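Accompanying notes for the structure given below.
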There are 2 protein chains.
Amino acid sequence: MNDTIAPKAGREGLRERKKRLAEQAITDAALRLFAEKGYYETSIQEIADAVMMSSRTFFRYFDSKEDILSGAIRAVQREGLRLAAECESNEPLKIALRRVFLHLAELYQQQRDGLLARYRIAKQSSALASLFLYAMLETEPELCAALAARLEPEPDRSELRFLVALHMTALRVTIEEWLENEESPPLSSLLEQRLIF
Amino acid sequence: MNDTIAPKAGREGLRERKKRLAEQAITDAALRLFAEKGYYETSIQEIADAVMMSSRTFFRYFDSKEDILSGAIRAVQREGLRLAAECESNEPLKIALRRVFLHLAELYQQQRDGLLARYRIAKQSSALASLFLYAMLETEPELCAALAARLEPEPDRSELRFLVALHMTALRVTIEEWLENEESPPLSSLLEQRLIF
DNA sequence: ATTATATTGTCATTGAATGACAAAAGTCAA
DNA sequence: TTGACTTTTGTCATTCAATGACAATATAAT
(Lines give C-alpha, C1' and ligand atoms only; values in the text may rest on other atoms or scores of the structure.)
Protein backbone atom coordinates (compact mmCIF):
# COMPACT_ATOMS: atom_id res chain seq x y z
CA MET A 1 0.00 0.00 0.00
CA ASN A 2 2.62 2.46 -1.03
CA ASP A 3 3.05 3.92 -4.47
CA THR A 4 4.57 7.29 -5.02
CA ILE A 5 6.15 7.25 -1.58
CA ALA A 6 6.97 10.13 0.68
CA PRO A 7 5.08 10.92 3.86
CA LYS A 8 8.22 13.03 4.29
CA ALA A 9 8.63 15.51 7.02
CA GLY A 10 7.25 18.82 5.75
CA ARG A 11 5.64 17.53 2.54
CA GLU A 12 2.37 15.89 1.60
CA GLY A 13 1.23 12.88 3.56
CA LEU A 14 -0.69 9.79 2.75
CA ARG A 15 -3.82 11.32 4.20
CA GLU A 16 -4.02 14.12 1.71
CA ARG A 17 -3.47 11.78 -1.16
CA LYS A 18 -6.12 9.35 -0.01
CA LYS A 19 -8.42 12.24 0.54
CA ARG A 20 -8.19 13.45 -3.02
CA LEU A 21 -8.44 9.89 -4.27
CA ALA A 22 -11.64 9.34 -2.35
CA GLU A 23 -13.05 12.64 -3.55
CA GLN A 24 -12.33 11.70 -7.13
CA ALA A 25 -13.78 8.23 -6.67
CA ILE A 26 -16.99 9.62 -5.25
CA THR A 27 -17.32 12.13 -8.05
CA ASP A 28 -16.72 9.52 -10.74
CA ALA A 29 -19.11 7.01 -9.26
CA ALA A 30 -21.79 9.63 -8.66
CA LEU A 31 -21.63 11.14 -12.14
CA ARG A 32 -21.76 7.69 -13.65
CA LEU A 33 -24.79 6.70 -11.56
CA PHE A 34 -26.52 10.00 -12.22
CA ALA A 35 -26.08 9.55 -15.93
CA GLU A 36 -27.24 5.94 -15.82
CA LYS A 37 -30.27 6.11 -13.58
CA GLY A 38 -30.90 9.79 -13.05
CA TYR A 39 -29.94 12.13 -10.25
CA TYR A 40 -33.00 11.71 -8.09
CA GLU A 41 -33.11 7.97 -8.61
CA THR A 42 -29.61 7.67 -7.18
CA SER A 43 -29.42 7.69 -3.41
CA ILE A 44 -26.37 8.71 -1.45
CA GLN A 45 -26.32 5.22 -0.02
CA GLU A 46 -25.82 3.85 -3.51
CA ILE A 47 -22.99 6.24 -4.23
CA ALA A 48 -21.37 5.34 -0.94
CA ASP A 49 -21.78 1.64 -1.67
CA ALA A 50 -20.17 2.07 -5.07
CA VAL A 51 -17.01 3.44 -3.48
CA MET A 52 -17.30 1.24 -0.42
CA MET A 53 -17.70 3.81 2.26
CA SER A 54 -20.44 4.59 4.71
CA SER A 55 -22.93 7.26 3.75
CA ARG A 56 -21.82 9.18 6.81
CA THR A 57 -18.36 9.46 5.32
CA PHE A 58 -19.78 10.70 2.06
CA PHE A 59 -21.02 13.73 3.92
CA ARG A 60 -17.54 14.41 5.16
CA TYR A 61 -16.41 14.90 1.57
CA PHE A 62 -19.44 16.68 0.20
CA ASP A 63 -21.92 18.87 1.98
CA SER A 64 -24.76 17.52 -0.07
CA LYS A 65 -25.61 15.52 -3.09
CA GLU A 66 -25.84 18.72 -5.07
CA ASP A 67 -22.35 19.64 -4.06
CA ILE A 68 -21.02 16.97 -6.41
CA LEU A 69 -22.50 18.88 -9.30
CA SER A 70 -21.67 22.43 -8.42
CA GLY A 71 -18.34 21.92 -6.70
CA ALA A 72 -16.31 21.74 -9.89
CA ILE A 73 -17.83 24.92 -11.24
CA ARG A 74 -17.27 26.76 -8.03
CA ALA A 75 -13.64 25.73 -8.13
CA VAL A 76 -13.20 27.24 -11.57
CA GLN A 77 -14.98 30.42 -10.56
CA ARG A 78 -12.81 30.79 -7.50
CA GLU A 79 -9.75 30.50 -9.69
CA GLY A 80 -11.09 33.27 -11.89
CA LEU A 81 -11.63 35.37 -8.84
CA ARG A 82 -8.07 34.90 -7.75
CA LEU A 83 -6.97 36.29 -11.07
CA ALA A 84 -9.15 39.33 -10.70
CA ALA A 85 -7.38 40.20 -7.52
CA GLU A 86 -4.14 40.39 -9.43
CA CYS A 87 -4.97 43.14 -11.85
CA GLU A 88 -2.74 46.17 -12.19
CA SER A 89 -3.92 49.10 -10.26
CA ASN A 90 -4.08 51.32 -13.31
CA GLU A 91 -5.64 48.80 -15.65
CA PRO A 92 -8.84 50.08 -17.27
CA LEU A 93 -11.98 48.30 -16.11
CA LYS A 94 -12.97 46.85 -19.43
CA ILE A 95 -9.52 45.48 -20.06
CA ALA A 96 -9.47 43.82 -16.67
CA LEU A 97 -12.89 42.29 -17.21
CA ARG A 98 -11.88 40.99 -20.58
CA ARG A 99 -8.78 39.42 -19.17
CA VAL A 100 -10.60 37.73 -16.29
CA PHE A 101 -13.41 36.32 -18.40
CA LEU A 102 -11.21 35.08 -21.20
CA HIS A 103 -9.12 33.35 -18.60
CA LEU A 104 -12.24 31.78 -17.11
CA ALA A 105 -13.18 30.58 -20.56
CA GLU A 106 -9.87 28.82 -20.89
CA LEU A 107 -10.28 27.13 -17.55
CA TYR A 108 -13.71 25.84 -18.53
CA GLN A 109 -12.34 24.74 -21.84
CA GLN A 110 -9.88 22.42 -20.13
CA GLN A 111 -12.75 20.73 -18.33
CA ARG A 112 -15.15 20.24 -21.19
CA ASP A 113 -15.86 16.58 -20.50
CA GLY A 114 -16.57 16.90 -16.82
CA LEU A 115 -18.54 20.04 -17.43
CA LEU A 116 -20.64 18.42 -20.12
CA ALA A 117 -21.43 15.48 -17.86
CA ARG A 118 -22.60 17.85 -15.17
CA TYR A 119 -24.50 20.05 -17.58
CA ARG A 120 -26.49 17.10 -18.87
CA ILE A 121 -27.39 16.02 -15.38
CA ALA A 122 -28.30 19.55 -14.36
CA LYS A 123 -30.80 19.71 -17.17
CA GLN A 124 -32.73 16.87 -15.58
CA SER A 125 -34.54 19.29 -13.29
CA SER A 126 -34.89 22.97 -12.68
CA ALA A 127 -33.62 22.67 -9.13
CA LEU A 128 -30.36 21.27 -10.45
CA ALA A 129 -30.14 23.77 -13.28
CA SER A 130 -30.50 26.54 -10.74
CA LEU A 131 -27.55 25.24 -8.77
CA PHE A 132 -25.45 24.99 -11.86
CA LEU A 133 -26.25 28.52 -12.80
CA TYR A 134 -25.81 29.91 -9.37
CA ALA A 135 -22.39 28.34 -8.99
CA MET A 136 -21.37 30.81 -11.67
CA LEU A 137 -23.37 33.83 -10.74
CA GLU A 138 -22.65 33.76 -7.05
CA THR A 139 -19.14 35.03 -7.65
CA GLU A 140 -20.40 38.27 -9.13
CA PRO A 141 -20.37 40.21 -5.86
CA GLU A 142 -16.91 38.97 -4.96
CA LEU A 143 -15.65 39.77 -8.40
CA CYS A 144 -17.05 43.27 -8.10
CA ALA A 145 -15.37 43.72 -4.77
CA ALA A 146 -12.03 42.47 -6.06
CA LEU A 147 -12.15 44.78 -9.05
CA ALA A 148 -13.41 47.79 -7.14
CA ALA A 149 -10.61 47.41 -4.64
CA ARG A 150 -7.79 47.35 -7.15
CA LEU A 151 -8.82 49.55 -10.00
CA GLU A 152 -7.51 53.05 -9.95
CA PRO A 153 -10.24 55.49 -10.70
CA GLU A 154 -12.60 53.56 -8.43
CA PRO A 155 -15.45 52.62 -10.77
CA ASP A 156 -19.05 53.46 -10.08
CA ARG A 157 -20.42 50.56 -8.04
CA SER A 158 -23.70 50.31 -9.85
CA GLU A 159 -22.08 50.45 -13.25
CA LEU A 160 -19.46 47.92 -12.22
CA ARG A 161 -22.09 45.51 -11.01
CA PHE A 162 -23.97 45.75 -14.24
CA LEU A 163 -20.88 45.25 -16.36
CA VAL A 164 -19.77 42.23 -14.38
CA ALA A 165 -23.23 40.73 -14.69
CA LEU A 166 -23.24 41.29 -18.43
CA HIS A 167 -19.89 39.60 -18.81
CA MET A 168 -21.03 36.68 -16.69
CA THR A 169 -24.11 36.36 -18.84
CA ALA A 170 -22.02 36.31 -21.97
CA LEU A 171 -19.89 33.58 -20.45
CA ARG A 172 -22.89 31.57 -19.35
CA VAL A 173 -24.72 31.71 -22.67
CA THR A 174 -21.56 30.99 -24.59
CA ILE A 175 -20.75 27.99 -22.44
CA GLU A 176 -24.21 26.58 -22.99
CA GLU A 177 -23.96 26.88 -26.74
CA TRP A 178 -20.44 25.53 -26.69
CA LEU A 179 -21.55 22.48 -24.72
CA GLU A 180 -24.62 21.84 -26.80
CA ASN A 181 -22.76 21.60 -30.09
CA GLU A 182 -20.46 18.70 -30.52
CA GLU A 183 -18.01 20.27 -32.94
CA SER A 184 -17.77 23.83 -31.85
CA PRO A 185 -14.89 26.28 -31.90
CA PRO A 186 -12.86 26.87 -28.75
CA LEU A 187 -14.87 28.48 -26.00
CA SER A 188 -12.52 31.40 -25.65
CA SER A 189 -12.86 32.42 -29.27
CA LEU A 190 -16.64 32.10 -29.09
CA LEU A 191 -16.64 34.30 -26.04
CA GLU A 192 -14.40 36.85 -27.65
CA GLN A 193 -17.05 37.52 -30.27
CA ARG A 194 -19.54 38.29 -27.54
CA LEU A 195 -17.50 40.59 -25.35
CA ILE A 196 -18.38 43.75 -27.14
CA PHE A 197 -19.43 45.90 -24.23
CA MET B 1 -70.39 29.90 6.97
CA ASN B 2 -71.49 32.00 4.05
CA ASP B 3 -70.18 35.42 3.20
CA THR B 4 -70.10 36.74 -0.30
CA ILE B 5 -72.52 34.05 -1.42
CA ALA B 6 -72.83 32.45 -4.80
CA PRO B 7 -71.67 28.95 -5.47
CA LYS B 8 -73.81 29.65 -8.49
CA ALA B 9 -74.15 27.31 -11.35
CA GLY B 10 -71.34 28.11 -13.81
CA ARG B 11 -69.32 30.51 -11.63
CA GLU B 12 -66.73 30.23 -8.87
CA GLY B 13 -67.44 27.96 -5.95
CA LEU B 14 -66.59 28.01 -2.30
CA ARG B 15 -63.80 25.55 -2.90
CA GLU B 16 -61.82 27.85 -5.15
CA ARG B 17 -62.18 30.71 -2.75
CA LYS B 18 -61.07 28.66 0.22
CA LYS B 19 -58.19 27.37 -1.82
CA ARG B 20 -56.84 30.79 -2.56
CA LEU B 21 -57.45 31.85 1.00
CA ALA B 22 -55.45 28.91 2.30
CA GLU B 23 -52.68 29.57 -0.17
CA GLN B 24 -52.46 33.15 0.97
CA ALA B 25 -52.56 32.18 4.62
CA ILE B 26 -49.72 29.71 4.17
CA THR B 27 -47.64 32.26 2.31
CA ASP B 28 -48.21 34.95 4.92
CA ALA B 29 -47.47 32.69 7.85
CA ALA B 30 -44.41 31.22 6.19
CA LEU B 31 -42.87 34.55 5.21
CA ARG B 32 -43.48 35.87 8.70
CA LEU B 33 -41.85 32.84 10.32
CA PHE B 34 -38.95 32.89 7.88
CA ALA B 35 -38.29 36.52 8.67
CA GLU B 36 -38.59 35.96 12.41
CA LYS B 37 -36.60 32.79 12.93
CA GLY B 38 -34.93 32.11 9.63
CA TYR B 39 -35.85 29.88 6.73
CA TYR B 40 -34.02 26.76 7.85
CA GLU B 41 -35.08 27.16 11.44
CA THR B 42 -38.72 27.06 10.39
CA SER B 43 -40.10 23.60 9.78
CA ILE B 44 -43.05 22.85 7.57
CA GLN B 45 -44.79 21.49 10.62
CA GLU B 46 -44.57 24.91 12.23
CA ILE B 47 -45.98 26.59 9.16
CA ALA B 48 -48.77 24.07 9.03
CA ASP B 49 -49.48 24.57 12.73
CA ALA B 50 -49.66 28.33 12.25
CA VAL B 51 -52.45 27.97 9.73
CA MET B 52 -53.96 24.97 11.47
CA MET B 53 -53.58 22.36 8.83
CA SER B 54 -51.68 19.12 8.64
CA SER B 55 -48.26 19.17 7.09
CA ARG B 56 -49.55 16.73 4.50
CA THR B 57 -52.01 19.34 3.34
CA PHE B 58 -49.26 21.91 3.09
CA PHE B 59 -47.71 19.79 0.38
CA ARG B 60 -50.95 19.85 -1.53
CA TYR B 61 -50.60 23.62 -1.87
CA PHE B 62 -46.85 23.87 -2.38
CA ASP B 63 -44.50 21.35 -3.89
CA SER B 64 -41.83 22.25 -1.41
CA LYS B 65 -40.78 24.76 1.17
CA GLU B 66 -38.81 26.56 -1.48
CA ASP B 67 -41.87 26.86 -3.62
CA ILE B 68 -43.19 29.49 -1.24
CA LEU B 69 -40.29 31.70 -2.16
CA SER B 70 -40.05 31.21 -5.86
CA GLY B 71 -43.71 30.75 -6.73
CA ALA B 72 -44.50 34.45 -6.77
CA ILE B 73 -41.62 35.23 -9.07
CA ARG B 74 -42.50 32.44 -11.41
CA ALA B 75 -46.01 33.81 -11.62
CA VAL B 76 -44.76 37.21 -12.71
CA GLN B 77 -42.40 35.70 -15.24
CA ARG B 78 -45.15 33.60 -16.70
CA GLU B 79 -47.23 36.71 -17.12
CA GLY B 80 -44.38 38.37 -18.99
CA LEU B 81 -44.14 35.35 -21.20
CA ARG B 82 -47.79 35.59 -22.05
CA LEU B 83 -47.18 39.11 -23.28
CA ALA B 84 -44.30 38.04 -25.45
CA ALA B 85 -46.58 35.70 -27.29
CA GLU B 86 -48.73 38.66 -28.26
CA CYS B 87 -46.24 40.67 -30.23
CA GLU B 88 -47.02 41.81 -33.74
CA SER B 89 -45.57 39.63 -36.37
CA ASN B 90 -43.66 42.48 -37.96
CA GLU B 91 -42.42 44.08 -34.76
CA PRO B 92 -38.62 44.49 -34.67
CA LEU B 93 -36.90 42.24 -32.15
CA LYS B 94 -35.43 44.99 -30.00
CA ILE B 95 -38.76 46.76 -29.77
CA ALA B 96 -40.49 43.58 -28.71
CA LEU B 97 -37.85 42.85 -26.09
CA ARG B 98 -38.09 46.33 -24.72
CA ARG B 99 -41.85 46.09 -24.48
CA VAL B 100 -41.79 42.72 -22.71
CA PHE B 101 -39.14 43.67 -20.17
CA LEU B 102 -40.59 47.04 -19.32
CA HIS B 103 -43.89 45.32 -18.76
CA LEU B 104 -42.20 42.80 -16.49
CA ALA B 105 -40.66 45.68 -14.57
CA GLU B 106 -44.09 47.13 -13.97
CA LEU B 107 -45.41 43.82 -12.71
CA TYR B 108 -42.55 43.50 -10.26
CA GLN B 109 -43.07 47.07 -9.22
CA GLN B 110 -46.58 46.30 -8.09
CA GLN B 111 -45.26 43.58 -5.82
CA ARG B 112 -42.41 45.40 -4.18
CA ASP B 113 -43.31 44.46 -0.62
CA GLY B 114 -43.76 40.76 -1.21
CA LEU B 115 -40.72 40.69 -3.40
CA LEU B 116 -38.59 42.45 -0.84
CA ALA B 117 -39.64 40.01 1.87
CA ARG B 118 -38.68 37.11 -0.34
CA TYR B 119 -35.44 38.73 -1.44
CA ARG B 120 -34.31 39.18 2.15
CA ILE B 121 -35.04 35.58 2.95
CA ALA B 122 -33.33 34.38 -0.21
CA LYS B 123 -30.17 36.13 0.86
CA GLN B 124 -30.02 33.90 3.94
CA SER B 125 -28.30 31.18 1.95
CA SER B 126 -26.89 30.53 -1.47
CA ALA B 127 -29.27 27.66 -2.08
CA LEU B 128 -32.19 30.04 -1.65
CA ALA B 129 -30.56 32.78 -3.67
CA SER B 130 -30.09 30.33 -6.49
CA LEU B 131 -33.78 29.50 -6.52
CA PHE B 132 -34.73 33.13 -6.56
CA LEU B 133 -32.45 33.77 -9.47
CA TYR B 134 -33.49 30.74 -11.37
CA ALA B 135 -37.15 31.55 -11.09
CA MET B 136 -36.31 34.47 -13.35
CA LEU B 137 -33.78 32.94 -15.65
CA GLU B 138 -35.64 29.74 -16.35
CA THR B 139 -38.07 31.57 -18.58
CA GLU B 140 -35.33 32.56 -20.99
CA PRO B 141 -35.72 29.54 -23.28
CA GLU B 142 -39.49 29.91 -23.38
CA LEU B 143 -39.21 33.60 -24.06
CA CYS B 144 -36.82 32.88 -26.90
CA ALA B 145 -39.23 30.37 -28.34
CA ALA B 146 -42.16 32.73 -28.08
CA LEU B 147 -40.27 35.53 -29.80
CA ALA B 148 -38.73 33.34 -32.46
CA ALA B 149 -42.13 31.99 -33.37
CA ARG B 150 -43.81 35.33 -33.86
CA LEU B 151 -41.20 37.68 -35.22
CA GLU B 152 -41.16 38.13 -38.92
CA PRO B 153 -37.65 37.92 -40.19
CA GLU B 154 -36.98 34.93 -37.96
CA PRO B 155 -34.06 36.11 -35.81
CA ASP B 156 -30.82 34.19 -35.52
CA ARG B 157 -31.32 31.75 -32.64
CA SER B 158 -27.94 32.27 -31.09
CA GLU B 159 -28.20 36.03 -31.27
CA LEU B 160 -31.73 35.95 -29.90
CA ARG B 161 -30.68 33.83 -26.97
CA PHE B 162 -27.89 36.19 -26.13
CA LEU B 163 -30.07 39.27 -26.38
CA VAL B 164 -32.77 37.76 -24.18
CA ALA B 165 -30.18 36.80 -21.60
CA LEU B 166 -28.74 40.31 -21.60
CA HIS B 167 -32.16 41.81 -21.05
CA MET B 168 -32.89 39.38 -18.26
CA THR B 169 -29.61 40.28 -16.65
CA ALA B 170 -30.43 43.94 -16.85
CA LEU B 171 -33.77 43.23 -15.20
CA ARG B 172 -32.20 41.13 -12.50
CA VAL B 173 -29.46 43.57 -11.59
CA THR B 174 -31.86 46.47 -11.66
CA ILE B 175 -34.35 44.71 -9.42
CA GLU B 176 -31.62 43.98 -6.90
CA GLU B 177 -30.51 47.60 -6.74
CA TRP B 178 -34.09 48.75 -6.63
CA LEU B 179 -34.86 46.47 -3.69
CA GLU B 180 -31.71 47.34 -1.80
CA ASN B 181 -32.37 51.05 -1.72
CA GLU B 182 -35.27 52.23 0.32
CA GLU B 183 -36.07 55.39 -1.62
CA SER B 184 -35.37 54.48 -5.16
CA PRO B 185 -37.00 55.61 -8.40
CA PRO B 186 -39.59 53.39 -10.07
CA LEU B 187 -38.15 50.14 -11.30
CA SER B 188 -39.30 50.68 -14.85
CA SER B 189 -37.46 53.97 -15.18
CA LEU B 190 -34.32 52.44 -13.68
CA LEU B 191 -34.53 49.63 -16.15
CA GLU B 192 -35.06 51.97 -19.04
CA GLN B 193 -31.66 53.49 -18.45
CA ARG B 194 -30.09 50.07 -18.73
CA LEU B 195 -31.78 48.77 -21.84
CA ILE B 196 -29.27 50.19 -24.26
CA PHE B 197 -28.49 47.13 -26.32
C1' DA C 1 6.86 1.68 20.08
C1' DT C 2 4.19 5.22 21.82
C1' DT C 3 1.92 9.14 21.87
C1' DA C 4 -1.15 12.49 19.46
C1' DT C 5 -4.27 13.63 15.74
C1' DA C 6 -7.28 12.91 11.98
C1' DT C 7 -10.55 9.82 9.61
C1' DT C 8 -14.08 6.56 9.51
C1' DG C 9 -18.11 3.64 10.87
C1' DT C 10 -22.14 2.88 13.75
C1' DC C 11 -26.11 4.60 15.83
C1' DA C 12 -29.69 7.81 16.56
C1' DT C 13 -32.34 11.82 15.25
C1' DT C 14 -34.61 15.49 12.64
C1' DG C 15 -37.05 17.07 8.84
C1' DA C 16 -38.57 17.08 3.81
C1' DA C 17 -41.36 14.77 0.63
C1' DT C 18 -44.67 11.31 -1.10
C1' DG C 19 -48.09 7.32 -1.47
C1' DA C 20 -52.33 5.03 0.33
C1' DC C 21 -56.59 5.29 2.19
C1' DA C 22 -60.43 6.66 5.05
C1' DA C 23 -63.00 10.79 6.99
C1' DA C 24 -64.96 15.25 6.13
C1' DA C 25 -66.53 19.06 3.34
C1' DG C 26 -68.28 21.05 -0.88
C1' DT C 27 -71.24 20.54 -5.22
C1' DC C 28 -75.19 19.49 -7.84
C1' DA C 29 -79.85 17.71 -9.09
C1' DA C 30 -84.29 16.49 -7.94
C1' DT D 1 -83.73 19.12 2.39
C1' DT D 2 -82.05 14.72 0.97
C1' DG D 3 -78.87 11.95 -1.25
C1' DA D 4 -75.30 10.73 -4.69
C1' DC D 5 -70.91 12.48 -6.39
C1' DT D 6 -66.40 14.84 -6.29
C1' DT D 7 -62.74 17.25 -4.03
C1' DT D 8 -60.08 18.22 -0.08
C1' DT D 9 -58.13 16.94 4.15
C1' DG D 10 -56.04 14.19 7.98
C1' DT D 11 -53.72 10.08 9.59
C1' DC D 12 -50.32 6.70 8.98
C1' DA D 13 -46.29 4.78 7.06
C1' DT D 14 -42.18 5.16 4.37
C1' DT D 15 -38.04 6.80 2.02
C1' DC D 16 -34.21 9.59 1.92
C1' DA D 17 -31.07 13.71 2.96
C1' DA D 18 -28.48 15.62 6.48
C1' DT D 19 -26.23 16.06 11.03
C1' DG D 20 -24.53 15.18 15.94
C1' DA D 21 -22.23 11.97 19.22
C1' DC D 22 -18.99 8.73 20.13
C1' DA D 23 -16.16 4.71 19.74
C1' DA D 24 -12.90 2.24 16.58
C1' DT D 25 -9.32 2.65 13.30
C1' DA D 26 -5.66 4.64 10.55
C1' DT D 27 -1.98 7.98 9.95
C1' DA D 28 1.67 11.09 11.74
C1' DA D 29 5.40 12.53 14.71
C1' DT D 30 8.76 11.81 18.25
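Proteins get letters first, then strands, A, B, ... in listed order; numbering begins at 1 in each. Values in this document were obtained by computation on a predicted structure and should not be read as measured data.
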Check whether the side chain of R56(B) and the base of dG19(C) form a donor-acceptor pair under 3.5 Å.
yes
Using atom CE of M52(B) as one end and atom P of dT11(D) as the other, report the distance to the nearest whole Å.
14 Å
Give a yes/no answer on whether the side chain of K18(B) brings an N or O atom under 4.0 Å of OP1 or OP2 in dT8(D).
no
Separation of Y61(A) atom OH from dA18(D) atom P, in whole Å?
18 Å
With a 4.0 Å limit, can you tell me whether T57(B) has a side-chain N or O closer than that to the phosphate oxygens OP1/OP2 of dG10(D)?
yes
Atom-pair distance (CG on L21(B); C1' on dG26(C)), nearest Å
15 Å
The side chain of L14(A) is closest to which nucleotide in this list: dG10(D), dA28(D), dA16(C)?
dA28(D)
Euclidean distance, atom CD of residue E46(A) to atom P of dC16(D) [Å, nearest integer]
8 Å
So which heavy atom on T42(B) is nearest to which on I47(B), and how close?
CG2-CG1, 3.8 Å
Send over the distance from D63(B) CG to dA17(C) C1', rounded to a whole Å.
10 Å
Just so I know, are the side chains of Y119(B) and F132(B) near enough to count as touching, which here means a heavy-atom distance under 4.5 Å?
yes
Rounded to whole angstroms, how far apart are NZ on K65(B) and C1' on dA16(C)?
8 Å
Which residue, R60(A) or S55(B), contacts DNA chain D at a nucleotide closer to its 5' end, judged by nearest heavy atom?
S55(B)
Taking CG from L128(A) and P from dA17(D), how many angstroms apart are they, rounded to a whole number?
13 Å
What contact category does S43(A) fall into here, base, sugar-phosphate, or nothing, at under 4.0 angstrom with non-hydrogen atoms?
sugar-phosphate
Here the pair of heavy atoms bringing L143(B) nearest to A84(B) is CD1-CB, 3.4 Å
Under the 3.5 Å rule, do the base of dT27(D) and the side chain of R15(A) count as making a donor-acceptor pair?
yes
Is the shortest side-chain heavy-atom distance between I68(B) and F58(B) below 4.5 Å?
yes
Would you say F62(A) and L69(A) make side-chain contact, with heavy atoms under 4.5 Å?
no
Interatomic distance where CZ belongs to F59(B) and C1' belongs to dT11(D) [whole Å]
15 Å
